[in-house]
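Before any comments, here is the structure.
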Amino acid sequence: MSDLTRLGAAEMARLLRDGELSSVELTQAHLDRIEAVDGAVHAFLQTLPEAALAQAQAADAARAAGEDLPALAGVPIAVKDVLATKGLRTTCGSRILENWIPAYDATVVRKLRQAHLPVLGKTNMDEFAMGSSTEHSAFGPTRNPWDLERIPGGSGGGSAAAVGAFEAPLALGSDTGGSIRQPAAVTGTVGVKPTYGAVSRYGLVAMASSLDQVGPVARNVLDTALLHELIGGHDPKDQTSLNEPVARAVDAARLGLGGDVKGLRVGIVRELGGRGYQRGVLDRFDEALGELRSLGASVREISCPSFRYALPAYYLIMPSEASSNLARFDAMRYGLRVDPQTGPVTAETVMGATRAAGFGAEVKRRIILGTYALSAGYYDAYYGSAQKVRTLIQQDFENAWEQVDVLVSPTSPTTAFKLGEKLDDPLAMYLADVATIPVNLAGIPGMSVPCGLAEDRLPVGFQILAPARADAFLYQVGGALEAALEAKWGAPLLARAPGLPQGPSRTEGGVK
Ligand code: GLN
């Protein structure tokens with residue numbers, strides 16, 4: 001069978017179930033694809049060919065033995081390097097963890113292993129998930145498969161690029177302010193940030209614990225739904241884990257794919273659009289709304305006035321939590337240790353030298369910001385005010401849910417920008433997440449689904465938001481939109497991605 005890597009994960013799973021394909025064949029096809037294109041894309045920090053093939057063999061053996069296997073058994077996956085993998089280096093895109101080998105698996109990784117999904121490798125990311133372009137990785141940037149001179153989004157640019165470049169049908173990401181949805185938007189893939197607490201954070205290297213959430217990336221809505229159901233559910237090892245059943249994502253996706261959104265009430269967020277948003281992004285967004293209307297959804301505008309304070313509030317809360325979380329990198333317990341060049345060697349000087357050498361500029365900026373925001377005398381003015389804004393944003397959402405079932409907006413104000421374009425302007429970089437951040441502050445779920453190409457021939461993402469614990473709505477609306485748009489286009493959006501150059505096998509620019 002040719003070009004196995006072009007299939008969707010659900011289709012791969014069907015062929016595996018029907019015995020028309022083995023997991024070893026499928027995994028090898030992806031390893032070959034990675035070999036061919038990842039020199040150019042650099043989605044992976046580390047590939048795991050032997051381990052992945054061994055897992056594939058085990059999946060095939062379990063199937064041959066007649067075991068009752070989960071839906072995605074045998075389908076390979078890529079994992080963002082922010083998730084702990086037992087016995088395998090987990091760098092978080094940072095020098096300070098360059099050689100860290102965790103002694104345990106993140107709960108979501110354990111679930112992948114138990115369900116027999118071969119892990120192809122660990123994907124690139126902005127250092128400690130801080131960024132919107134993957135350029136803050138200590139190991140070099142990832143490139144957008146649509147245009148190698150452009151960013152793949154961030155912080156999870158590696159996972160989105162791997163899926164967009166057909167190097168993996170599925171990937172795991174993490175989303176603190178948009179790191180699953182914004183990369184999905186700019187690479188033409190689907191990304192979901194589940195309700196806070198719906199997916200375990202155990203083994204997810206903490207950035208801002210009250211905002212972080214693990215979620216799926218794939219090339220279509222059904223595939224993200226299958227992965228969501230696999231990784232979701234209560235975990236006693238995560239104290240913020242919700243103790244309730246996993247969202248019925250797959251049923252909802254199928255409902256939507258069948259065109260069933262009749263009577264659904266859709267709200268356009270007035271504050272997320274207009275000035276500052278690229279023309280082509282707004283045009284594709286409006287056309288997608290038209291599709292939902294023709295399917296029988298009712299569409300109206302909703303105002304969320306506090307959203308204008310979301311970005312400043314996020315950039316106080318997130319750095320505050322990160323400055324506290326990252327205090328654990330003290331050179332004593334694990335990770336890098338650098339001794340001072342001169343003077344006495346004390347705990348303090350070693351810690352200073354290690355953190356100076358081990359953290360990149362963006363991480364240092366946020367630690368300083370967060371430490372300042374939390375310091376005595378400033379705490380109420382900065383951190384305290386930001387928490388109040390957080391409450392106002394939650395109230396905006398609560399008001400909206402009295403009037404509509406879902407809210408929608410463009411996922412990102414622009415399409416993929418050029419590498420280097422925003423690197424010297426942190427504020428410009430932060431603005432890439434202006435539409436994704438309110439979701440994390442409120443703990444609600446959000447999805448980005450492709451809605452076409454802008455005037456620059458680059459993908460645009462359509463963002464769907466739902467009330468907490470109502471993740472199923474995302475899959476229903478996302479599925480309906482995907483089916484309607486693909487019917488119009490005659491093919492999935494990614495079928496139109498320009499062919500990637502057959503780059504050399506990856507030999508440079510990443511951790512080996
Ligand atoms: N880009 C945002 C930031 O830099 C979001 C990051 C994330 O979601 N991990 O903080």
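Whatever order the structure lists them in is the order used to number ligands and atoms, beginning at 1.
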Does any N or O atom in [X] lie less than 3.5 angstrom from one in ligand 1, N or O only?
{"X": "Gly178", "value": "yes"}
{"X": "Gly131", "value": "yes"}
{"X": "Gly177", "value": "yes"}

Using ring centroids (six-membered ring only for Trp), state whether [Y] and [X] fall under 6.0 Å.
{"X": "Phe307", "Y": "Phe397", "result": "yes"}
{"X": "His228", "Y": "Tyr475", "result": "yes"}
{"X": "Tyr314", "Y": "Tyr309", "result": "no"}

What atoms of ligand 1 come within less than 4.0 Å of a heavy atom belonging to [X]?
{"X": "Ser132", "value": "1 (N)"}
{"X": "Asp175", "value": "8 (O)"}
{"X": "Ala129", "value": "6 (C), 7 (C), 9 (N)"}
{"X": "Ser155", "value": "9 (N)"}
{"X": "Met130", "value": "4 (O)"}
{"X": "Met207", "value": "9 (N), 10 (O)"}

*Any side-chain heavy-atom pair of Pro450 and Val190 under 4.5 Å*: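 Touching, per the 4.5 Å side-chain cut-off.
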*asked:* Any heavy-atom pair between the side chains of Met429 and Ser133 that's under 4.5 Å?
replied: yes
*Quick one: does Asp175's side chain have a donor or acceptor within less than 3.5 Å of a partner on Gln213's backbone?*
no
*Look at the side chain of Glu398 and the backbone N and O of Gln395, then say whether any donor-acceptor pair between them is shorter than 3.5 Å.*
no
For [atom], the protein heavy atom that lies nearest, with its residue and separation:
{"atom": "atom 2 (C) of ligand 1", "result": "Asp433 OD2, 3.1 Å"}
{"atom": "atom 7 (C) of ligand 1", "result": "Ser179 OG, 2.3 Å"}
{"atom": "atom 5 (C) of ligand 1", "result": "Tyr314 OH, 3.4 Å"}

*Looking at ligand 1, does Arg366 have a heavy atom less than 4.0 Å from it?*
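Arg366: in contact with ligand 1 (<4.0 Å).
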*Mind checking whether Tyr315 has a heavy atom under 4.0 Å from ligand 1?*
yes
*Would Asp223 and Arg219 pass as an ion pair if we require N to O under 4.0 Å?*
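Judged by the 4.0 Å cut-off on N to carboxylate O distance, Asp223 and Arg219 do not form a salt bridge.
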_Cation-pi geometry met for Lys364 and Phe359 (6.0 Å, 45°)_ =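 So Lys364 doesn't make the cation-pi contact.
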